[in-house]
Amino acid sequence: MKCLLVEDDQALARELSQALRDGDWLVEHAENGQEADFLVRTETYDTLILDVGLPDGDGTRWLASWRDDGIDLPVLILTARERWADKAAGFTAGADDYVTKPFESAEVLFRLRALVRRSHGHAHPVLKVGELSLDTHTQHVTLAGRPVGLTAQETRLLSYLMHAAPRVVSRSELAEHVYDRDHEPDSNVIDVQISRLRRKLGAWRFATLRGQGYRLLADEPGGE
């Protein structure tokens with residue numbers, strides 16, 4: 001999953017970015033509202049962390065303009081403001097969740113994962129597609145109750161397909177959400193990683209729809 005972090009405090013941005021990467025997130029950083037505005041309008045993200053106290057305007061003002069323009073990605077607000085009126089202003093502008101500084105990085109990760117799950121229609125922290133399960137907190141994958149060893153990139157790819165299931169996911173969508181913007185793969189790289197997942201989890205689970213993309217299946221075609 002890919003997150004845009006909008007935070008002008010460089011030390012906090014470095015700390016939180018590292019925590020997100022350690023949690024298997026792809027992270028891009030913007031230092032101000034103008035830079036964030038450009039990125040949210042030109043790039044694709046699964047969620048956004050937004051500091052309220054930005055140098056070029058209140059973060060809630062930027063958020064309100066994005067919502068007005070139909071940008072609906074999940075947004076978690078960070079702020080040192082503790083008054084209820086400030087929190088209400090954030091939610092009114094379109095925030096989905098709110099964390100007050102100082103905070104534990106682990107709390108931010110838990111909240112982000114919940115936001116992304118809910119945005120895909122999942123309430124439970126463990127995603128299930130047939131006998132395949134993924135714990136969104138630990139990133140552990142099991143098949144019929146047995147642990148499966150995947151690389152970090154394979155896990156990110158599988159996680160996105162499981163969040164999206166049973167929807168068909170195009171190669172371009174996978175490239176935007178699963179790979180770093182500076183290292184976006186060609187379609188052959190994605191095909192190779194899908195092939196590895198097929199070997200580890202069962203070829204039939206990953207249906208290829210010509211000209212459309214991939215769909216993760218819960219049941220084997222033609223099975224009982």
Side-chain angles (χ1 to χ4, degrees), residues 1-127 135-139 159-160 163-164 176-177 180-181:
M1 296 294 177
K2 187 178 293 185
C3 175
L4 176 61
L5 171 61
V6 187
E7 172 61 66
D8 63 317
D9 183 322
Q10 293 298 315
L12 178 58
R14 285 193 298 270
E15 178 184 346
L16 192 50
S17 293
Q18 188 58 56
L20 287 163
R21 292 188 181 100
D22 290 344
D24 212 24
W25 285 79
L26 299 176
V27 187
E28 294 184 2
H29 175 224
E31 297 182 6
N32 54 60
Q34 186 173 3
E35 184 180 359
D37 186 61
F38 173 78
L39 289 172
V40 298
R41 296 179 188 280
T42 59
E43 300 295 332
T44 304
Y45 301 96
D46 296 288
T47 188
L48 185 150
I49 301 174
L50 178 64
D51 181 28
V52 169
L54 297 175
D56 56 350
D58 194 294
T60 58
R61 178 174 65 83
W62 290 103
L63 175 56
S65 72
W66 299 332
R67 294 309 196 214
D68 287 344
D69 291 339
I71 298 172
D72 60 357
L73 78 166
V75 173
L76 173 68
I77 279 184
L78 302 180
T79 183
R81 305 171 188 174
E82 297 183 353
R83 296 186 309 158
W84 164 243
D86 294 319
K87 295 181 180 180
F91 285 119
T92 300
D96 298 281
D97 204 351
Y98 205 107
V99 173
T100 303
K101 302 174 183 178
F103 53 79
E104 294 291 335
S105 295
E107 179 184 1
V108 174
L109 266 66
F110 276 114
R111 290 179 180 273
L112 283 183
R113 291 173 185 136
L115 287 179
V116 171
R117 285 199 315 272
R118 290 198 295 269
S119 73
H120 286 272
H122 302 288
H124 200 282
V126 177
L127 304 181
D135 188 320
T136 59
H137 293 318
T138 64
Q139 302 299 297
S159 175
Y160 193 81
H163 275 87
E176 290 173 345
H177 289 267
D180 189 280
R181 180 158 53 102

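Just so you know, these numbers come straight off a predicted model, no measurement behind them.
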- Hey, what do you get for CD (Q139) to CH2 (W25), rounding to the nearest 0.5 Å? 9.0 Å

- Query: Considering only heavy atoms from C-beta outward, does the side chain of R111 approach that of Y98 to under 4.5 Å?
  - Reply: no

- Query: Going by the angle between their ring planes, with limits at 30° and 60°, are F91 and W84 parallel, tilted or perpendicular?
  - Reply: tilted

- Query: Does R61 pair with D58 as a salt bridge, N-O distance under 4.0 Å?
  - Reply: no

- Note on the structure: For L112 and C3, the nearest pair of non-hydrogen atoms, with its separation, is CD1-SG, 4.3 Å

- Query: With a 4.5 Å heavy-atom cut-off, do I49 and V108 have their side chains touching?
  - Reply: yes

- Kindly compute the distance separating CG (D9) from CZ (R14), expressed to the nearest 0.5 Å. 8.5 Å

- Item | Any donor-acceptor pair under 3.5 Å from D56 side chain to Q34 backbone | yes

- Message: Tell me the closest heavy-atom pair linking G53 and D8, and the distance in Å.
- Response: O-OD1, 3.4 Å

- Where do V27 and R21 come nearest, in terms of heavy atoms and distance? O-NH2, 3.7 Å

- Measure across R113 and G23 and return the closest heavy-atom pair with its distance rounded to 0.1 Å. NH2-O, 3.8 Å

- Task: Please work out whether the ring planes of H122 and H120 are parallel, tilted or perpendicular, with thresholds of 30° and 60°.
- Result: parallel

- Message: When you compare the side chain of L20 with that of L109, does any pair of heavy atoms fall below 4.5 Å?
- Response: yes

- Results of side-chain contact (heavy atoms from CB on, under 4.5 Å) for T92 - residues two or more places apart only: none

- Between R67 and D96, is there a side-chain N and carboxylate O pair less than 4.0 Å apart? yes

- Query: So, for V6 and A36, which heavy atoms are closest and what is the spacing to 0.1 Å?
  - Reply: CG2-CB, 3.6 Å

- Query: Heavy atoms, side chains only, cut-off 4.5 Å: are D69 and R41 in contact?
  - Reply: yes

- Query: Taking atom CD of E104 as the centre, does the number of heavy atoms from other residues, nucleotides or ligands within less than 6.0 Å exceed 12?
  - Reply: no

- Message: Does F38 have more than 12 heavy atoms from other residues, nucleotides or ligands lying within 6.0 Å of its CZ?
- Response: no

- Roughly how far, to the nearest 0.5 Å, is the CD atom of E28 from the CG atom of L39? 6.5 Å

- Message: If we check side-chain contact (heavy atoms from CB on, under 4.5 Å) with V99, which of these qualifies: I77, T79, L78?
- Response: L78

- Message: Closer than 3.5 angstrom, by distance alone: can the side chain of N32 be matched with the main-chain N or O of E35 as a donor-acceptor pair?
- Response: yes

- Which pair of non-hydrogen atoms, one from L50 and one from G59, has the smallest distance, and what is that distance? CD2-O, 3.3 Å

- Considering only heavy atoms from C-beta outward, does the side chain of L115 approach that of D97 to under 4.5 Å? yes

- Query: So do L48 and L63 actually touch side chain to side chain, heavy atoms under 4.5 Å?
  - Reply: no

- Hey, could you give me the NZ/OG1 distance between K2 and T47, rounded to the nearest 0.5 Å? 13.5 Å

- Pairwise side-chain contact, V116 with H163, heavy-atom cut-off 4.5 Å (strictly under): yes

- Task: Would you check if Q10 and H29 make a side-chain contact, meaning some heavy-atom pair closer than 4.5 Å?
- Result: yes

- Whether H177 side chain and T44 backbone form a donor-acceptor pair below 3.5 Å: no

- About how many Å separate OG of S17 and CG of L26, when rounded to the nearest 0.5 Å? 12.0 Å

- Query: Which distance, rounded to the nearest 0.5 Å, do you find between the CG of L5 and the OH of Y45?
  - Reply: 11.0 Å

